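A short worksheet on the structure shown next.
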Amino acid sequence: ALRLPPSTEEYCVTLAASIARYYLDHQRAVGFAAYGHAREIVPPDRGQRQLTRLLEALAVLRAEGKTPFGNVIGIEGLHLGRGDTVVVVSPSPEIEWIKSARELRRRGTRVIAVLVDVNTFGGHGETNAAVVELSEGGVPTYVIKEGENLGEVLSRN
């Protein structure tokens, strides 16, 4: 089994790649949005070439953006329609992005949250409170702790 470095950034990138591969393997169109040094957008598409584009974008992505994550969700959420699905991957338990994710869900976008637990990486955050807020908003949430098997956690109901 592959052992990831104990970095929330590495976990988030690996999670995004794994989730993209899952949906592409199930013939779904997958896109990607992130704000690192610049706004990085990969429009939705299907197939192996799309996986390659996504992996290339993820390979150079660094968590050094200045735009708050809640704003990113709000801005990019404007391009999503009713019935679309967005998977939000973050180590942040901050309430502002959770509010944005809940608002997307309220507008008819299916939202799934994958929360990397910063507490297991030596950081400090209210991960449990974030899970409660997401759950109360009807957002299915998966919590990933350092050292856990990502596939096993993501396959739990």
Side-chain angles (χ1 to χ4, degrees), residues 1-26 28-36 39-42 44 54 57-58 61-157:
L2 175 67
R3 178 101 172 124
L4 292 172
S7 157
T8 58
E9 184 176 68
E10 289 295 325
Y11 270 66
C12 287
V13 166
T14 302
L15 284 161
S18 299
I19 292 164
R21 169 172 244 141
Y22 172 84
Y23 281 108
L24 289 167
D25 285 350
H26 287 84
R28 301 288 300 269
V30 176
F32 172 79
Y35 288 38
R39 180 176 179 252
E40 180 70 42
I41 303 296
V42 178
L54 293 166
L58 287 165
L61 185 67
R62 295 292 170 258
E64 298 171 349
K66 302 294 184 218
T67 306
F69 193 42
N71 292 4
V72 172
I73 294 169
I75 292 165
E76 297 306 325
L78 295 173
H79 305 287
L80 299 171
R82 292 185 72 75
D84 287 344
T85 300
V86 63
V87 180
V88 180
V89 179
S90 178
S92 170
E94 297 297 321
I95 192 68
E96 290 309 313
W97 80 258
I98 294 168
K99 288 179 183 176
S100 295
R102 288 175 61 165
E103 176 61 21
L104 271 181
R105 185 180 180 288
R106 190 191 65 72
R107 291 192 338 240
T109 300
R110 182 168 186 244
V111 179
I112 300 168
V114 181
L115 192 57
V116 176
D117 187 354
V118 294
N119 299 296
T120 64
F121 289 84
H124 303 285
E126 297 294 325
T127 302
N128 292 336
V131 170
V132 168
E133 282 291 322
L134 288 160
S135 296
E136 286 177 355
V139 176
T141 304
Y142 298 86
V143 177
I144 306 289
K145 298 178 187 223
E146 197 274 323
E148 284 189 311
N149 181 301
L150 304 181
E152 287 178 11
V153 173
L154 293 174
S155 65
R156 294 179 193 152
N157 289 335

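The shown structure was predicted, so the numbers you read here are calculated from the model rather than taken from an experiment.
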Verify, without hydrogens or angle tests, whether [X] (side chain) and [Y] (backbone) share a donor-acceptor contact under 3.5 angstrom.
| X | Y | value |
| --- | --- | --- |
| Glu9 | Ala63 | yes |
| Asn119 | Gly125 | yes |
| Tyr11 | Gly147 | yes |
| Arg102 | Leu134 | no |
| Thr141 | Val139 | yes |

Do you know which two heavy atoms are closest between [X] and [Y], and how far apart they sit?
| X | Y | value |
| --- | --- | --- |
| Glu146 | Pro6 | OE2-CB, 3.8 Å |
| Val153 | Tyr142 | O-CD2, 3.4 Å |
| Asn71 | Thr67 | CB-CG2, 3.8 Å |
| Ile98 | Ala130 | CD1-CB, 3.5 Å |
| Trp97 | Leu115 | CZ2-CD1, 3.9 Å |
| Ala57 | Glu40 | CB-OE2, 3.8 Å |

Test side-chain contact (heavy atoms from CB on, under 4.5 Å) applied to Leu24 and Leu54, step by step = CA-CA 11 Å; Leu24 289 167; Leu54 293 166; 4.1 Å; yes
message: Using side-chain contact (heavy atoms from CB on, under 4.5 Å), reason through Phe32 and Leu58 one step at a time and then give a plain yes or no.
response: CA-CA 9 Å; Phe32 172 79; Leu58 287 165; 3.5 Å; yes
- Working for side-chain contact (heavy atoms from CB on, under 4.5 Å), residues Glu148 and Thr120: CA-CA 10 Å; Glu148 284 189 311; Thr120 64; over 6 Å; no
Interatomic distance, [X] atom [atom1] to [Y] atom [atom2] [nearest 0.5 angstrom]:
| X | Y | atom1 | atom2 | value |
| --- | --- | --- | --- | --- |
| Tyr35 | Ile41 | OH | CD1 | 5.5 Å |
| Ile144 | Thr127 | CD1 | OG1 | 12.0 Å |
| Thr85 | Ile112 | OG1 | CD1 | 6.0 Å |

Show your reasoning for whether side-chain contact (heavy atoms from CB on, under 4.5 Å) applies to Val87 and Tyr23. CA-CA 11 Å; Val87 180; Tyr23 281 108; 4.1 Å; yes
| Glu103 versus Arg107: any side-chain heavy-atom pair under 4.5 Å? |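 Answer yes - side chains close enough.
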- Evaluate the side-chain proximity of Leu154 to Tyr22: yes if any heavy-atom separation is below 4.5 Å, no if none is.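 Tyr22 does not reach Leu154 side chain to side chain.
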query: How would you list, by chain and number, every residue that makes a side chain to side chain contact (heavy atoms under 4.5 Å, CB included) with Thr8, sequence neighbours excluded?
result: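 By the side chain to side chain contact (heavy atoms under 4.5 Å, CB included) rule, Thr8 matches Pro91, Val116, Val118, Phe121.
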